[in-house]
Amino acid sequence: MEEVRVIKPIKKVGGTVSLPGSKSISNRALLLAALSRGTTHLKNLLVAEDTDMMIGALKELGVKLEQHGDEVIVQGCEGNFPVKRADLFLGNSGTSMRPLASALAFSGGEYVLDGVQRMRERPMGHLVEALNSIGAQIVCLGEQGFPPLKIYPSTRITSDVVHVKGNVSSQFASGLLMAAPLVAPSQGLNIIIDGELVSSPYVSLTCKLMARFGVIVSIDVETYVVPSHPYISPGEMMVEADASSASYFLALGALVGPLTVKGVGRDSLQGDAAFVEYLAKTGASVIRGENWIKTAPSIYGPKLQGIDEDFRQIPDAAMTIAAIAPMCEGPTTLRGIASWRVKETDRIEAMAKELRKVGCQITSGSDWLRIVPPEKLQGATFDTYKDHRMAMCMSLIAAGGVEVEIRDPGCVAKTFPDYFERLASVIKE
Ligand SMILES: O=C(O)C1=C[C@@H](OP(=O)(O)O)[C@@H](O)[C@H](O)C1
Ligand SMILES: C=C(OP(=O)(O)O)C(=O)O
């Protein structure tokens, strides 16, 4: 029988919650540590499915890596992976698939990169085209433009300029950036992002982390100039808490708080830390410290207000805004969310379907979603589409004072295995 998690109506939350490490930082740090000269000691690393995928792949590639819970010690191999032939299974982890494809493209080995069925439906075409345009030899073994990928040995970059499209996933640009310093020609590699760049804070995050490993990228409008330079391990690195995971608790604080999250704050490297700026527009009270954020209900009225905003910079945390929309006064419109359609599931479709169950009126288009809250919220049993964020988002509906059931709650393991336990720990009534 399929497992279901029942969440009783949540009337009040309180206290402080600490959160697991950032997925985006953890997977970048693991790869950069492997590409580095020297040993890196990573602390507060996320321990979840997505980081298991990256760690498993690096081990298969012969990287020496020791893990003790959320601490990992990586012996860098300077990009010269000891294992030259391997089949890598990367689950549904975009932050493993796209960066590893790039890092292995010029490593002189022969590799197959594959994942679960949904990963086979998530686009890779722009990245494969970009890599092949500068001398990589990558073919898509199934449908063109999608995994599984076969990487044939190549070591030589044939140009100092590469173009990559930015409108589908920023992970293509991030992958190219991280791979570039070890294979760039002596004058450097110019990575030009063509067209709009979605999820741009993740590319800034990539550059900031590359800098921690000794490589400085210079940016001139849409051109990223990456020097030919080895990565040097910073020795030790502390991973900050995951800002996307924080969004569920920050939303709860705004609905029935106050609640404080620890480990992410004003000085965060992550784009999703800006989630609270959108939350504040609903009228929620937000206070930020260096590495903590506290939210509480609005001081202006009994309900938060629906908002109409462009969310292309924070696609993951944007889902949390959609999830609280049924409890807001007036409609909420999310724009700039086309990338939702190619993530763990088609998140626009999934969100529309599930929010209708609680009585919302929903309209949507290729890159937008409009949610009109019901007069009276209904409890529901939610499907989660093997999407960790659908499960976490739908749990928030209980803060509207109704009982909810979450099907396949275990899918949160992708980025937040003990989400429901941490949720239970902040519920006061
Ligand atoms: O680079 C990253 O760490 C990520 C980039 C975003 O993806 P897209 O760039 O595909 O929107 C985000 O949704 C994903 O969870 C993590
Ligand atoms: C889109 C996501 O993941 P991925 O890193 O697989 O792209 C996500 O975590 O919401």
Side-chain angles (χ1 to χ4, degrees), residues 20-32 46 48-54 90-102 115-116 118-127 147 164-178 193 196-210 239-240 242-248 268-273 275 311-320 322-323 336-348 350-351 367 384-393 411-417 419:
S22 153
K23 168 197 77 174
S24 294
I25 297 179
S26 296
N27 269 357
R28 282 168 173 76
L30 284 163
L31 180 60
L32 293 173
L46 173 66
E49 242 166 58
D50 275 10
T51 45
D52 285 350
M53 293 301 155
M54 178 62 93
L90 303 172
N92 195 4
S93 171
T95 56
S96 302
M97 179 62 83
R98 280 80 180 246
L100 277 169
S102 311
V116 298
R118 179 59 184 172
M119 191 78 243
R120 291 181 170 192
E121 295 161 10
R122 297 182 65 190
M124 283 297 280
H126 293 162
L127 180 58
V164 66
K165 294 204 178 78
N167 64 335
V168 170
S169 170
S170 69
Q171 292 172 358
F172 304 155
S174 285
L176 279 171
L177 280 160
M178 285 190 276
I193 311 226
E196 185 204 1
L197 174 62
V198 294
S199 310
S200 63
Y202 289 98
V203 175
S204 310
L205 174 66
T206 302
C207 295
K208 285 178 195 157
L209 291 174
M210 287 170 68
V239 175
E240 59 184 65
D242 193 295
S244 319
S245 300
S247 72
Y248 311 109
S268 171
L269 299 171
Q270 300 165 75
D272 271 7
F275 168 74
F311 288 95
R312 77 193 66 217
Q313 304 232 322
I314 59 158
D316 295 355
M319 290 178 75
T320 312
I337 54 167
S339 72
W340 277 24
R341 295 205 182 270
V342 290
K343 297 197 187 273
E344 280 76 339
T345 184
D346 178 338
R347 288 175 166 172
I348 295 185
M351 196 57 90
D367 67 346
T384 50
Y385 311 85
K386 299 194 172 89
D387 184 347
H388 54 140
R389 296 200 194 285
M390 283 304 293
M392 295 187 277
C393 280
C411 68
V412 297
K414 187 172 191 281
T415 57
F416 202 159
Y419 171 73

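In this chain, residues are counted from 1 in sequence order. Atoms within a ligand are numbered from 1 in the order they appear, just like the ligands themselves. Computed from a predicted structure; not experimentally measured.
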In terms of heavy-atom contacts, Met210 and Leu177 come closest through CE-O, 3.1 Å
If we number the atoms of ligand 2 from 1 as shown, the ones under 4.0 Å from a heavy atom of Arg347 are 1 (C), 8 (C), 10 (O)
Tightest non-hydrogen contact, residues Arg122 and Val342, listed as NE-O, 3.1 Å
of all protein heavy atoms, closest to atom 1 (O) of ligand 1 is Arg28 NH2, 2.7 Å
Minimal heavy-atom distance between Pro99 and Gly94, with the atoms involved, is CD-O, 3.5 Å
What I'd like to find out is whether the side chain of Tyr248 reaches to under 4.5 Å of the side chain of Arg389, using heavy atoms alone.
yes
Atom 7 (O) of ligand 1 has as its nearest protein heavy atom Lys343 NZ, 3.2 Å
If you scan protein heavy atoms around atom 10 (O) of ligand 1, the nearest is Ser169 OG, 2.6 Å
Is there at least one pair of N or O atoms, one from Ser170 and one from ligand 1, spaced under 3.5 Å apart?
yes
closest protein heavy atom to atom 7 (O) of ligand 2 is Arg122 NH2, 2.7 Å
A student checking ligand 2 against Gln171 at a 4.0 Å heavy-atom cut-off should list atoms 4 (P), 5 (O), 7 (O)
So the atoms of ligand 2 within less than 4.0 Å of a heavy atom of Lys414 turn out to be 3 (O), 4 (P), 6 (O)
Ligand 2 to Lys23, heavy atom cutoff 4.0 Å, flagged ligand atoms 2 (C), 3 (O), 4 (P), 5 (O), 8 (C), 9 (O)
for atom 8 (C) of ligand 2, nearest protein heavy atom and its distance come out as Glu344 OE2, 3.1 Å
Heavy-atom closest pair (Ile193 atom, Gly166 atom, distance to 0.1 Å) is CG2-CA, 3.9 Å
Counting from 1 in the order shown, the ligand 1 atoms closer than 4.0 Å to a non-hydrogen atom of Thr95 are 2 (C), 3 (O), 16 (C)
The atoms of ligand 2 lying under 4.0 Å from a heavy atom of Asn92, numbered in the order shown, are 6 (O)
Any heavy atom of Met319 sitting closer than 4.0 Å to ligand 2? no
For Lys165 and Phe172, the nearest pair of non-hydrogen atoms, with its separation, is O-CD1, 4.1 Å
Rounded to the nearest 0.5 angstrom, the CG-CD distance for Asn92 and Glu344 is 5.5 Å
So is there a nitrogen or oxygen of Arg98 less than 3.5 Å from a nitrogen or oxygen in ligand 1?
no
Close side-chain approach of Thr345 and Lys386, heavy atoms under 4.5 Å
no
Practice item. Please verify whether a non-hydrogen atom of Met119 lies at under 4.0 Å from ligand 2. Key: no
Contact region, Thr95 to ligand 2, non-hydrogen atoms below 4.0 Å, reads both
**OP:** Check for a donor-acceptor pair, side chain of Ser174 on one end and backbone N or O of Thr206 on the other, with a separation under 3.5 Å.
**Re:** no
Ranked by distance from atom 10 (O) of ligand 2, the top protein heavy atom is Arg389 NE, 2.6 Å
A student checking ligand 2 against Ser93 at a 4.0 Å heavy-atom cut-off should list atoms 6 (O)
The closest protein heavy-atom partner of atom 2 (C) of ligand 1 is Tyr202 CD2, 3.2 Å
Exercise. Can Met97 be said to touch ligand 2, with heavy atoms closer than 4.0 Å?
Worked result: no
Q. Could an N or O of ligand 1 be found under 3.5 Å from any N or O of Lys23, whether backbone or side chain?
A. yes
Arg347 side chain to Tyr385 side chain, donor-acceptor N/O pair below 3.5 angstrom | no
Does the side chain of Gln270 come within less than 4.5 Å of Asp242's, by heavy atoms? yes
Nearest heavy-atom contact between Leu127 and Arg98 is CD2-O, 3.5 Å
query: Would one find an N or O of Ser24, backbone or side chain, under 3.5 Å from an N or O of ligand 1?
result: yes
Practice item. State, yes or no, whether a side-chain contact exists between Tyr202 and Asp272 at a heavy-atom distance under 4.5 Å. Key: yes
Ligand 1 atoms nearer than 4.0 angstrom to some heavy atom of Ser199 are 8 (P), 9 (O), 11 (O)
(Q) For Lys343, is the NZ atom crowded, meaning more than 12 foreign heavy atoms sit under 6.0 Å from it? (A) yes
Atom 15 (O) of ligand 1 has as its nearest protein heavy atom Asp316 OD2, 2.5 Å
